Amino acid sequence: MNLLILFRLAMQSILRNRTRAALTMLGIVIGVAAVIVMVAVGYGARSRIREQIGNLGTNMIVITPGASTTGGVSQGAQAFATLTVADAEKIRSQSQTVVAVSPVLALRSQVLAPGGNWRTSINGVDTDYQTIRDWQTDSGSFFGPEDVRAARSVAVLGRTVAQRIFAGSDPVGQEIQIAALRFLVMGVLAPKGQTASGSDSDDVILVPYTTAATRLTGRPRIPQILVSTASQGEIPAAQEEMRVLLRESHRLSGDDDDDFTVRNQTDLATAAESSTRVMTLLMAAIASISLLVGGIGIMNIMLVSVTERTREIGIRLAIGARGADVLIQFLVESIVMGALGGVVGLVLGFTGAKVLAYFTGWETVISPLVMVGAVGFSGAVGVFFGFYPARKAAALNPIEALRYE
Amino acid sequence: MGEVVIQTDKITKTYVTGTNEVHALREVDLTVTKGELVAIMGTSGSGKSTLMNMLGCLDTPTSGSYTLDGVRVDGLGKNELAAIRNQKLGFVFQGFNLLARTSALENVELPMLYDRRGLKRDIRALAVAALERVGLGDRMEHPPNELSGGQQQRVAIARALVTEPALVLADEPTGNLDSRTSVEVMALFQELNAGGKTIVVVTHEPDIAVYATRVVRMKDGRIFSDEPVASRRDAARDLEELDRNAA
Ligand SMILES: Nc1ncnc2c1ncn2[C@@H]1O[C@H](COP(=O)(O)OP(=O)(O)OP(=O)(O)O)[C@@H](O)[C@H]1O
Ligand SMILES: [Mg+2]
């Protein structure tokens, strides 16, 4: 019997019991659709995180205070402030590998302007910050080295802040007041959108770090020192160099743990992705259970089918079919049933993911691999759960099968 | 004497159900040569079907040996038996045993689909020819439930013939048919037999046995008489006579 005939036989048998086959396949359909939607949502979240991490800057290395755990998630990193402006200056003067360095001094403050007032993050940064984060100005310009050296009261506004306190009018050249101090607005930054953690990157005011350190009241934390290398390839070497320099600067002896963490963008992405990956896996695993249940449904219906068709099997055996012919006939039937369910599930899952994306605004990514995998897997479910009934059919004795009432 | 098609040597079949044994066949020796049309008769339970199943390689004997068309059949594996059933035998069952919801044509094609010799032949054309031979050229697309009993039996005969087997076995082929249709079926067997086919038919009815060339009678799993038919009848002529009487 060639495959075409076997396939036709399988289709005939499925079509003869349309309702029954449809109900049996429903388990597979739901399973496949659920897996596809879950994975699409997970992949979507992941690709979005990648994009956001990529948005942070180019060839960037982030140094944060506090030791990291082996899992890459910083633990109480902000609990003890171990990074200082001096660390950043040491890196600038001694590093062989990095081309740009900027500390980030962070504080929150109320900002006053003629058009309104707003509470926002004030970040004290160096001019290199613009290079590292690859952050252009939409209007005006970034402050220059002279502004930093002289600790001038100048500021560059994030898009959100500009909109909040200068509703409509051009902020460049105007004055704002941060914690009772007057600042000249030199520029407005291009929008960067959301960060990986979901906060607004544009809700920020950048000032020279010297100004932030000396003239703004309140002790600013240094949550980050950012550095960047000339190329991607130099990142590992630079990371190692940062460690050596900072250990030296922090006077850590041989067996002391690092009291800071040096990570590149890939590390950041991995850390951020790991939680979504766990979620995706978990959801896909739950969805797969439905596939399993669908498989058991196929097995059940195939067993019924073998019993119902005992006479047919007897006739086939009597006129010269081998056990293997009967086995394959039933196996093809269950594979077709599984794969058909898979294809319908695929279409449903695809549509479901699109509909979900439309209504929730979540990004969903359906990879071709998942589509092929889902249909292939449901076919495999057919093989696995169809094998036992098919073997049962093949093992029948022709005489007994013909006598079966 | 011509070429030997069937040769059994002390074939025995014993069914064991629980504690008691049923001796369905006791040391049956049967030889059938090419071109014979043998009728097997006997009371119910005398072992006719059991013998036919042995001859048809559907079941294996408890002891004894069986040579079919020069091949020792006992001791062969399942797959080899399947190949013999497929290529050397045509079996016509009492209950027709056609595949339901499958056209007459597809039913007749079936044995050729299970042929593993990889012959280059036009399966469809052979099936059509076989159906035409049994006079069903105009009903080929109909499934069994749209055919009369006699027509169904003719489809079954076409299916048994289509592979050009060395031996055609029919277990009570007329058991479910009225007397006229029974004669029709026997006319078909006689025609095939005249064409050189070896045929073994099981029947209860003496009226049917007279169309054979030889009658074997069984009792309690043994052959107790085996003789040629003295006054053999011609089924085709009987049919004409029946038509004349009806008119
Ligand atoms: N599978 C079986 N298990 C046990 N006993 C069986 C089995 N098949 C047949 N027999 C017994 O073997 C004996 C012969 O049966 P068989 O079917 O050959 O009779 P038969 O001559 O064909 O009868 P009939 O004319 O009624 O068809 C019977 O006594 C029957 O009960
Ligand atoms: Mg019988």
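None of the values given here were measured: they were computed from a predicted structure. First the proteins, then the strands, lettered A, B, ... as listed; each starts at 1. Basis for what follows: all heavy atoms, side chains included, without hydrogens, waters or symmetry-related copies.
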(Q) For a 4.5 angstrom cut-off between non-hydrogen side-chain atoms, does A/Gln12 reach B/Arg101? (A)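 No, every pair of side-chain atoms sits at 4.5 Å or beyond.
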Q) Are side-chain heavy atoms of B/Lys78 and A/Leu317 found at a separation under 4.5 Å? A)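 B/Lys78 vs A/Leu317: side chains apart.
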Need one label for [X]: side chain, backbone, both or neither, based on atoms under 4.5 Å from any heavy atom in chain A.
X        : answer
B/Ala160 : neither
B/Glu106 : side chain
B/Leu89  : neither

Q: Show your reasoning for whether side-chain contact (heavy atoms from CB on, under 4.5 Å) applies to A/Glu312 and B/Thr102.
A: CA-CA 11 Å; A/Glu312 176 196 326; B/Thr102 305; over 6 Å; no
Would you compute the distance between atom [atom1] of [X] and atom [atom2] of [Y] and round it to the nearest 0.5 angstrom?
X        : Y        : atom1 : atom2 : value
A/Asp325 : B/Asn86  : CG    : CG    : 9.0 Å
B/Asn53  : A/Ile399 : CG    : CD1   : 3.0 Å
A/Asn397 : B/Leu58  : CG    : CG    : 8.5 Å
B/Asp171 : A/Leu402 : CG    : CG    : 11.0 Å
B/Leu98  : A/Arg311 : CG    : CZ    : 10.0 Å

If you count heavy atoms of other groups shown closer than 6.0 angstrom to [atom1] of [X], is the number above 12?
X        : atom1 : value
A/Arg391 : CZ    : no
A/Phe377 : CZ    : no
A/Leu369 : CG    : no
A/Tyr43  : OH    : no
A/Arg18  : CZ    : no
A/Tyr388 : OH    : no

Q: Would you name the heavy atoms of A/Ala321 and B/Ala82 that are closest together and state the gap between them?
A: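 Closest pair (atom of A/Ala321, atom of B/Ala82, distance): O-CB, 3.8 Å.
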Q.
Using a 4.5 angstrom heavy-atom cutoff, name the option from A/Ala318, A/Ala324, A/Gly314 with the most pairs to chain B.
A.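 Top count of heavy-atom pairs under 4.5 Å with chain B: A/Ala318.
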(Q) Can you tell me which portion of A/Arg309 sits under 4.5 Å from chain B's heavy atoms? Options are side chain, backbone, both or neither. (A)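 Neither part.
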